Visitor: 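So that we are looking at the same thing, I have put the structure below in structure tokens.
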Amino acid sequence: MPERLTINGDTFEPFITEDEIRTRIQSLAGRINTDYKGKTPIFIGVLNGSFIFLADLIREITVDCEMDFFKLSSYGDAKISSGQVKLLKNLNCEVEGRDILVVEDIVDSGLSIAFIKNIIEKENPKSLKFVSLLLKKGVPKLDFPIDYVGFEIPPDFVIGYGLDYAQKVRNLKSIYRLAPQGTTHTA
Ligand code: IMP
Ligand code: MG
């Protein structure tokens, strides 16, 4: 893994390695496999950010399962959320009476996941739980829990492993965070 990356003039430092992500996903999947034994949950990924996490998570799932996607937009090209969530693609599956697991890359303000919860609950699922690879500590103003959390992180801007900066760098294999100002240098 390279030491640091400079993107659009901002410097990012290594934060969570491929190995750490893989190990944590195996442990989350283990819990989900136990909790959903004998059930056929639908994993609902939130595009674009969650596609890599969902792809890795679902390959550790041993119970019968289905999947579908929402597509939301809230960030535009900035590092700070616009505070407005737009639904760009709705589900194609039947949610009523099903066990639903929503899969997010990161919960930041909590706005997106609350928006999704609201949509899904109207369709009367049998159960509804939330998985997020990352949860920004102290930031989410949520009145419900994220049931399966990969890593609780400080409220820094992070990239890689599905997470973008102005739509780029989703293809990085590990997660980087914005380096504190004053420590910038090019790698
Ligand atoms: P929220 O609605 O503020 O919780 O954020 C929702 C979405 O914004 C996440 O699903 C991500 O796609 C994106 N996001 C939040 N924080 C970051 C970040 O640090 N880096 C890149 N994308 C982020
Ligand atoms: Mg997302």
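Whatever order the structure lists them in is the order used to number ligands and atoms, beginning at 1. Note that this is a predicted model, so its numbers are computed, not measured.
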Visitor: Check whether K136 reaches the backbone of D156 with its side chain - one donor and one acceptor, N or O, closer than 3.5 Å.
Guide: yes

Visitor: Looking only at heavy atoms of V158, does any of them come nearer than 4.0 Å to an atom of ligand 1?
Guide: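 A heavy atom of V158 does come that close to ligand 1.
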
Visitor: Take F69 and F51, measure what ring-ring contact (aromatic ring centres under 6.0 Å, His included) needs, and give me the verdict at the end.
Guide: CA-CA 9 Å; F69 292 97; F51 78 112; 8.9 Å; no

Visitor: Which of the numbered atoms in ligand 1 are below 4.0 angstrom from a heavy atom of L111?
Guide: 2 (O), 4 (O)

Visitor: Looking at T40, is its backbone amide N or carbonyl O close enough to the side chain of R98 to form a donor-acceptor pair, meaning the two atoms are under 3.5 Å apart?
Guide: yes

Visitor: Any side-chain to backbone donor/acceptor pair from S27 onto T23? Under 3.5 Å, distance only.
Guide: no

Visitor: At a non-hydrogen distance cut-off of under 4.0 Å, which region of D105 contacts ligand 1 (side chain, backbone, both, or neither)?
Guide: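 The answer is the side chain.
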
Visitor: Run down the list P155, S109, A166 and name the one with the heavy atom closest to atom 1 (P) of ligand 1.
Guide: S109

Visitor: Are E20 and R24 ion-paired here, with the side-chain N under 4.0 Å from a carboxylate O?
Guide: no

Visitor: Please compare R170, E104, K136 and report which has the shortest non-hydrogen distance to atom 19 (O) of ligand 1.
Guide: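 Shortest heavy-atom distance from atom 19 (O) of ligand 1: K136.
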
Visitor: Going by the angle between their ring planes, with limits at 30° and 60°, are Y161 and F53 parallel, tilted or perpendicular?
Guide: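 Rings of Y161 and F53: tilted, as their planes differ by 30° to 60°.
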
Visitor: For F43, run the side-chain contact (heavy atoms from CB on, under 4.5 Å) check against I100, V102, I61, D68 and tell me which one passes.
Guide: I61

Visitor: Polar-atom distance check: G49 versus ligand 1, any N or O pair below 3.5 Å?
Guide: no

Visitor: Go through ligand 1 atom by atom and flag the ones less than 4.0 Å from a non-hydrogen atom of D164.
Guide: 21 (C)

Visitor: Using a strict cut-off of 4.0 Å, indicate which atoms of ligand 1 neighbour a heavy atom of S112.
Guide: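 Result: 1 (P), 2 (O), 5 (O), 6 (C).
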
Visitor: Could you tell me whether some N/O pair between L163 and ligand 1 is separated by less than 3.5 angstrom?
Guide: no

